[in-house]
Amino acid sequence: MNRAFNRKKDKSWMHTPEALAKHYIPYNAKFLGNTEVDQPKGTEIVKDAVRQLKFQRHIKKSEGQKTPKVELQISIYGVKILDPKTKDVQYNCQLHRISFCADDKTDKRIFTFICKDSESNKHLCYVFDSEKCAEEVTLTIGQAFDLAYKKFLESGGKDVETRKQIGTLQKRIQELETENSGLKKQLWNLEEQLMIAPAPPAGSISLKPPMSTDVFDMVPFSAVTPLVPIPASNGTPPPPPTTSPPDTSKDLFGAEPFDPFTCGQADFPPDIQSKLDEMQVTEGFKMGLTLEAAVFSLEPLDGRW
């Protein structure tokens, strides 16, 4: 790391050290782009880069493309290039990787700097078009570099390594955010496809009629399950069932059904008849069962069914 920013002694810094050390200085500019250069510094190097990017920008402008606007955030940690609306970081140029910075004396709007890429180790020249403040931006980067260089000497180089790790983590966070936004878009597309999916045509799904239930929402029990004929695979009807119909005169256990309303008093055995005579003496059976509207009413049940 060397001091690449040399200015005349009468050029004083424009900002306080605290503004660059604890915060950042923002600038708005138009981004012409970046291009790879052979050398890390040199006036002729940046002149060729500016000439090349200007020519490419004229071609894009003739095709109807506008020069994108960016926001520069300059601090002792580097120069961030952000989208002015979304504040998404497009480039994060660490200050210890910037080797050259210059403004065009013939065009007060153009300034540029050369930064070494952390992954490819290539030198890239970034070119910007500002609102007649190219020299001010160049001086601000120079002041930030001067403060960072002093801090580098005081910390013995440890601060630079820390900034390298921070820059790597920031880049990884940016990649994860980009991946996350892509996954969100895919999820939104799937949700839209589900929302606009056509409904099945009427009559394509046959619904079975609801099974009749009693007052307690229970399916009536039937000891005999009716046989449903299943058509054969060749289209011929199946043969009739060979089993004989069940005997309805007997119950499930083979005994004759008992009906207390059809049998007379003489049908009861003597022991059962004696028990019934004793139960008639009790108060409940002697009075019988009384139904009153205030005690039991069928209207709520009729209203439900």
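By convention here, the first residue in the shown sequence is residue 1.
A distance of 9.5 Å separates CG of Leu32 from NZ of Lys60, quoted to the nearest 0.5 Å. Rounding to the nearest 0.5 angstrom, the gap separating the OG atom in Ser181 from the CD atom in Gln186 is 10.0 Å. For the atom pair CG of Asn121 and NE2 of His123, the computed distance is 8.0 Å after rounding to the nearest 0.5 Å. Gln94 CD to Lys80 NZ: the interatomic distance, rounded to the nearest 0.5 Å, is 10.5 Å. Atom NE2 of His96 sits about 10.0 Å away from atom NZ of Lys116, to the nearest 0.5 Å. To the nearest 0.5 Å, atoms CZ (Phe145) and SG (Cys101) are separated by 10.5 Å.
There is a path of hydrophobic side-chain contacts, each under 4.5 Å, that joins Val137 to Leu124. Residue Leu147 is not grouped with residue Tyr24 when hydrophobic side chains (ILVMFWY) are merged at heavy-atom distances under 4.5 angstrom, including chains of intermediate members. Put simply, Val127 and Leu72 are part of two different groups of oily side chains (I, L, V, M, F, W, Y) that touch within less than 4.5 Å, one to the next. By the rule that hydrophobic residues join a cluster once side-chain heavy atoms approach within less than 4.5 Å of another member, Phe100 and Val37 end up as members of one cluster. Hydrophobic clustering (ILVMFWY, side-chain heavy atoms < 4.5 Å, transitive): Val50 and Ile81 are in distinct clusters.
Within the 4.5 Å cutoff, the side chain of Ser118 has heavy atoms near those of the Arg97 side chain. Asp88 is not listed as a side-chain neighbour of Glu177, based on a closest heavy-atom distance of 4.5 Å or more.
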* **Pair Gln52-Asp48, side chain to side chain contact (heavy atoms under 4.5 Å, CB included): steps then yes or no** => CA-CA 6 Å; Gln52 178 182 352; Asp48 294 338; over 6 Å; no
* Take Glu192 and Met195, measure what side chain to side chain contact (heavy atoms under 4.5 Å, CB included) needs, and give me the verdict at the end. => CA-CA 5 Å; Glu192 290 179 355; Met195 292 295 292; 5.6 Å; no
* To do: Apply side chain to side chain contact (heavy atoms under 4.5 Å, CB included) to the pair Tyr91 and Asn34, showing each step before the final yes or no.
  => CA-CA 11 Å; Tyr91 300 95; Asn34 57 9; 3.7 Å; yes
* Audit row: Thr67, Lys61, side chain to side chain contact (heavy atoms under 4.5 Å, CB included) steps and yes/no -> CA-CA 7 Å; Thr67 305; Lys61 189 175 181 180; 5.7 Å; no
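Of all heavy-atom pairs between Ile25 and Ala19, the closest is CD1-CB, 3.9 Å. Annotation for Arg57 and Phe31: closest pair NH2-O, 4.0 Å, computed over non-hydrogen atoms. Shortest non-hydrogen contact noted between Leu20 and Ile74 is CD2-O, 3.5 Å. Taking each heavy atom of Glu175 and Glu119 in turn, the nearest pair found is OE2-OE2, 4.1 Å. Taking every heavy atom of both residues into account, Cys125 and Ala49 meet most closely at SG-CB, 3.6 Å. Of all the heavy atoms in Tyr126 and Thr112, the pair that sits closest is O-OG1, 2.6 Å.
Taking a cutoff of 4.0 Å between a charged side-chain nitrogen and a carboxylate oxygen, Asp117 and Lys122 do not qualify as a salt bridge.
Using modelled atom types, one side-chain atom of Gln143 and one backbone atom of His15 make a donor-acceptor pair closer than 3.5 Å. One N or O on the side chain of Ser130 and one on the backbone of Arg109 form a donor-acceptor pair closer than 3.5 Å. Between the side chain of Gln174 and the backbone N or O of Val89, at least one donor-acceptor pair lies under 3.5 Å. Between the Asp146 side chain and the Gly142 main chain, no donor and acceptor come within less than 3.5 Å of each other.
The neighbour count for Glu179 CD, taken as heavy atoms of other residues, nucleotides or ligands under 6.0 Å away, does not exceed 12.
Classified by interplanar angle (parallel below 30°, tilted 30° to 60°, perpendicular above 60°), the ring pair Phe111/Phe128 is parallel.
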